[in-house]
Amino acid sequence: MPRRIEFFEGTLTNTDEIESVRLFDTTLRDGEQSPRTSFDYNDKRAIAELLDEMGTHVIEAGFPVNSDPEFEAVSDIAAATSATTCGLARVVEKDVQAAIDAGVDMVHVFVSTSDVQLQDSMHASREEAVTRAVKSVEQVRDAGLEVMFSPMDATRTNEAFLVEVVEAVSEAGVDWINIPDTCGVATPTRFAKLIRLVGEHTDARIDVHTHDDFGLATANAMAGFEAGAHQAQVSVNGIGERAGNAAFEEVVMSAESLYNVDTGIDTTRITELAKLVEEKSTIPIPVNKAVVGDNAFAHESGIHAAGVMENTDTFEPGVMTPEMVGASREFVLGKHTGTHSVRKRLEELNYEPSDSEVRAVTKLVKEFGAEKEQVTDSVIARFAEEVGVSEVDSEEVRV
């Protein structure tokens, strides 16, 4: 389906801040690190297959050194997909070698760079971190693979030291530098400033990894693109450590619909992908989740529903439709329902109501919904019978 950009009067209309957007999906790695979540071999293969079919640029398939089953899953995904596959590795020789042996196209090496993590997690000095980072980058380069380096906790790292690390791995020949907001403390303006700073000290392409501790992950990812980043790390439904990552579906649709960038992703399968990850991860999608939640294209309020029935652009973004993401629009009946929605539902159920009958059924619907009861089709049929609404003649329907 073609992308549709129809900004309206009074809306921000500049859509040329970003030239291109690449997606690095980490659902199978960081997404799997969500507390109380794990993917088995078949789960990983199924998710990777759909991501690949949709045109995802990079799939981070896992952490190969972690276990034999993990190594097997990463290796088989690398062999079966056309997307660039990536394996994660600490700046430890055996980690890097495991990723290389798994047959991935890219190895993603990382080391902590913030003082708090260096001192209380890695128990290493800044000098040791730089030395190990450079050595790992060189190990991947010597194997002839693409290499990405992450200074973990970059947004809480001393600025001068961050520049030092970036310059060191750049001299070693790194292909990608990922800037991770590991603990989710960035804000869009500050993060954009950091990305521009990094860009001044490397010729490598820049990738961003943003966490959602303050609900800013997608906003920070898009700010990263505006500041010159080439790629963002995302996970489907935003799953991941703590509050999760920038959501695949949010970043894709923001790029497509708000920035008019063709990501190359088949957006019509986004809802299918979200449901698959929900099933495999056992993490339910919140009903009010952007893009893929049950309420994303649902309307109950009488004013909103009436407007959308007349023109969907009235109370939907206009630049993103349910069809674009493989979803459907829903008119929900309840406490806030108006007569337009009730008439529509009655007619869909083969009734032919008068104006007074619609008003009577609407009154019953509002009262029923106020009791927090779900207004199903059978409930509507019961109300129609109580009010005496006539059904459409069967002979007339056949004509």
Side-chain angles (χ1 to χ4, degrees), residues 1-4 6 8 237 249 253 257 266-279 284-399:
M1 175 172 293
R3 291 172 294 122
R4 192 161 71 95
E6 296 179 4
F8 306 100
N237 301 336
E249 62 279 2
M253 293 314 298
S257 293
D266 181 359
T267 67
T268 64
R269 302 188 72 180
I270 279 178
T271 298
E272 176 189 352
L273 176 66
K275 296 298 184 184
L276 176 64
V277 172
E278 178 183 46
E279 174 194 345
I285 301 171
V287 295
N288 65 329
K289 173 73 177 64
V291 184
V292 295
D294 286 346
N295 287 357
F297 299 100
H299 306 276
E300 179 179 330
S301 165
I303 293 173
H304 284 230
V308 169
M309 287 180 196
E310 183 74 21
N311 179 352
T312 58
D313 291 346
T314 54
F315 289 102
E316 288 183 2
V319 291
M320 178 175 67
T321 66
E323 294 79 13
M324 290 170 69
V325 298
S328 58
R329 186 173 291 106
E330 181 183 9
F331 294 97
V332 179
L333 302 185
K335 176 182 177 181
H336 306 289
T337 294
T339 56
H340 288 78
S341 293
V342 171
R343 180 183 296 279
K344 184 176 187 297
R345 184 66 65 85
L346 285 168
E347 291 174 348
E348 290 172 347
L349 294 175
N350 208 30
Y351 289 98
E352 197 172 34
S354 65
D355 290 347
S356 61
E357 289 169 343
V358 169
R359 288 193 294 271
V361 173
T362 300
K363 182 175 183 295
L364 293 174
V365 167
K366 286 177 173 288
E367 291 171 351
F368 195 73
E371 298 298 322
K372 299 186 178 180
E373 298 288 346
Q374 186 176 1
V375 183
T376 62
D377 286 351
S378 62
V379 170
I380 288 292
R382 188 175 84 233
F383 290 162
E385 185 177 340
E386 289 179 19
V387 171
V389 183
S390 300
E391 292 189 66
V392 176
D393 184 77
S394 57
E395 292 295 327
E396 182 180 338
V397 171
R398 281 199 291 273
V399 172

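Note that this is a predicted model, so its numbers are computed, not measured.
Side-chain contact check for T312 versus T321: every heavy-atom pair is 4.5 Å or farther apart. Taking the side chain as every heavy atom from C-beta outward, D377 and L349 approach each other to under 4.5 Å. Side-chain atoms of V291 and M320, non-hydrogen and from C-beta on, do get closer than 4.5 Å to each other. Contact of the Y351 side chain with the I380 side chain is not registered, since no non-hydrogen atoms from C-beta on lie closer than 4.5 Å. With a 4.5 Å cut-off on side-chain heavy atoms, E323 and T268 do not count as touching. With a 4.5 Å cut-off on side-chain heavy atoms, K275 and E278 count as touching.
In E373, the CD atom is crowded: over 12 heavy atoms of neighbouring residues, nucleotides or ligands sit closer than 6.0 Å.
Smallest separation of non-hydrogen atoms from F297 and V325: CE1-CG2, 3.9 Å. For S257 against V319, the heavy-atom pair with the smallest separation is OG-O, 2.7 Å. Contact record, E249 with A290: CG-O, 4.1 Å, taken as the closest heavy-atom pair. When all heavy atoms of G293 and I285 are compared, the pair lying nearest together is CA-CG2, 4.0 Å. What you find for P322 and R329 is that their closest heavy atoms are CD-NH2, 3.4 Å. Closest of all the heavy-atom pairs between F368 and R382 is CE1-NH2, 3.9 Å.
Without hydrogens or angle criteria, S341 side chain to L333 main chain gives no donor-acceptor distance under 3.5 Å. Side-chain N or O atoms of S390 include none that pairs as donor or acceptor with a backbone N or O of E352 at under 3.5 Å. Distance alone, capped at 3.5 Å, is enough to place a donor-acceptor pair between the T267 side chain and the M324 backbone. A donor-acceptor pair under 3.5 Å links the side-chain atoms of N237 to the main chain of A274, judged by distance alone. Although no hydrogens or angles enter the test, the distance criterion places a donor-acceptor pair under 3.5 Å between the side chain of T337 and the main chain of G334.
Between the CD atom of E385 and the CD atom of E391 there is a distance of 9.0 Å, given to the nearest 0.5 Å.
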